[in-house]
Asks: 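First the structure, which I've put down as structure tokens, then a few questions once you've had a look.
Atoms within each ligand, like the ligands themselves, are counted from 1 in listed order.
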Amino acid sequence: MENTEKKQPLVQVKNLCKYFEISRKETLKAVDDLTFDIYKGETVSLVGESGCGKSTTGRTMIKLYNPTSGNVYYDGKDIFKYNHAEQKEFCKKVQMIFQNPYSSLNPRMTVKDIVGEGLKQHGMSTKDADAKVEQLLATVGLNKDHMSRFPHEFSGGQRQRIGIARALAVDPKFIVCDEPVSALDVSVQAQVLNLLQELKEKLGLTYFFISHNLNVVYQVSDRVGVMYLGNFVEVGEKEKIYSNPMHPYTQALLSAVPVPDPTAKRERILLEGSIPSAHKPPTGCKFHTRCPKCMECCKTQAPERYEVDDGHYVYCHLYDKERRKQQK
Ligand code: SF4
């Protein structure tokens, strides 16, 4: 996922792999050789079915997991080679908003302690931390009275606002948003997405957004990466991906998105079979077992990356010009 402008990325992910040993003989390749950049002020999103490796990518990028191989650079420095001081600074600059606001907040802590914990960890006095918590709650649409309450006293949307306030507490520059609205009602989803958008502009944030919901991704993203079984299948600017999906998997996903026009006629592409297990992925193109356009070569050869438009990349043999010339 590369931006065409020649500027220094804020985050660079290079050949990132994260494998989990599930038995002596079996390895689950959750993330398998991902490379992409994120530029300051952008929202880059990952979209794909559950289990395709989106959350593992986000978690590895903020060091919740160690990678099996590959590198992640923040501001040009490898985050896995930080010294103690650099690590402390990284913890302030990079934060995460978690998927489920019902389980990601400690039920035994008050909002004041949940949001203020990071501030105190970084040496702020209790008095200053309390003042900052009050200010943060106002920023996310809550108020001073909420400080002494516990998470169970809030609605889902309010809880996610507390999670956002916690992430903002240490003045981060880069936030990984892992399915931040998927556990919320649709009406509340829009409010939280609007809040995230406002905060991005007001505070100059950069987001890495993870979701399985293509409508949500369209609303928030600048660039999008579509994932399947640990790999990218298509990456590019949002408008290009949504208006002209090139990979058969992206085409199938987008054909299933509901449109708010009952008279609109669209051809739904139904994928056969279920998503294969990531510990025994198919050979060649990992999508070949479900692809309606599968060719013989797809079963044995993994496709390379082909640029089909400026900054729009597809991983599919259909776009291999040399192969098509030979077939003519
Ligand atoms: Fe389908 Fe082959 Fe393209 Fe994979 S490489 S998406 S199997 S056409």
Asks: Anything protein N, O or S sitting under 2.8 Å from atom 4 (Fe) of ligand 1: count it and give me the total.
Replies: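 Under the 2.8 Å cut-off, the count stands at 1.
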Asks: Walk me through whether Phe36 and Phe208 qualify under ring pair (Phe, Tyr, Trp, His ring centres under 6.0 Å).
Replies: CA-CA 11 Å; Phe36 61 97; Phe208 181 61; 5.6 Å; yes
Asks: Apply the side-chain contact (heavy atoms from CB on, under 4.5 Å) test between Leu253 and each candidate in Leu271, Val226, Ile269, Val233; give the one that qualifies.
Replies: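 Among Leu271, Val226, Ile269, Val233, the one meeting side-chain contact (heavy atoms from CB on, under 4.5 Å) with Leu253 is Val226.
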Asks: Keeping to residues at least two apart or across chains, list the ring-ring contact (aromatic ring centres under 6.0 Å, His included) pairs with something in residues 123-174.
Replies: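 Non-adjacent pairs meeting ring-ring contact (aromatic ring centres under 6.0 Å, His included): His146-Phe154.
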Asks: For Lys240, does the NZ atom sit with more than 12 other heavy atoms under 6.0 Å from it, leaving out its own atoms?
Replies: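 Yes.
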Asks: Would you say the side-chain atoms of Thr283 and Lys299 include a donor-acceptor pair closer than 3.5 Å?
Replies: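 Their side chains do not contain a donor-acceptor pair, so the 3.5 Å distance test is not met.
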Asks: Side chains of Phe232 and Arg305: does their closest heavy-atom pair fall under 4.5 Å?
Replies: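 No - every pair of side-chain heavy atoms lies 4.5 Å or more apart.
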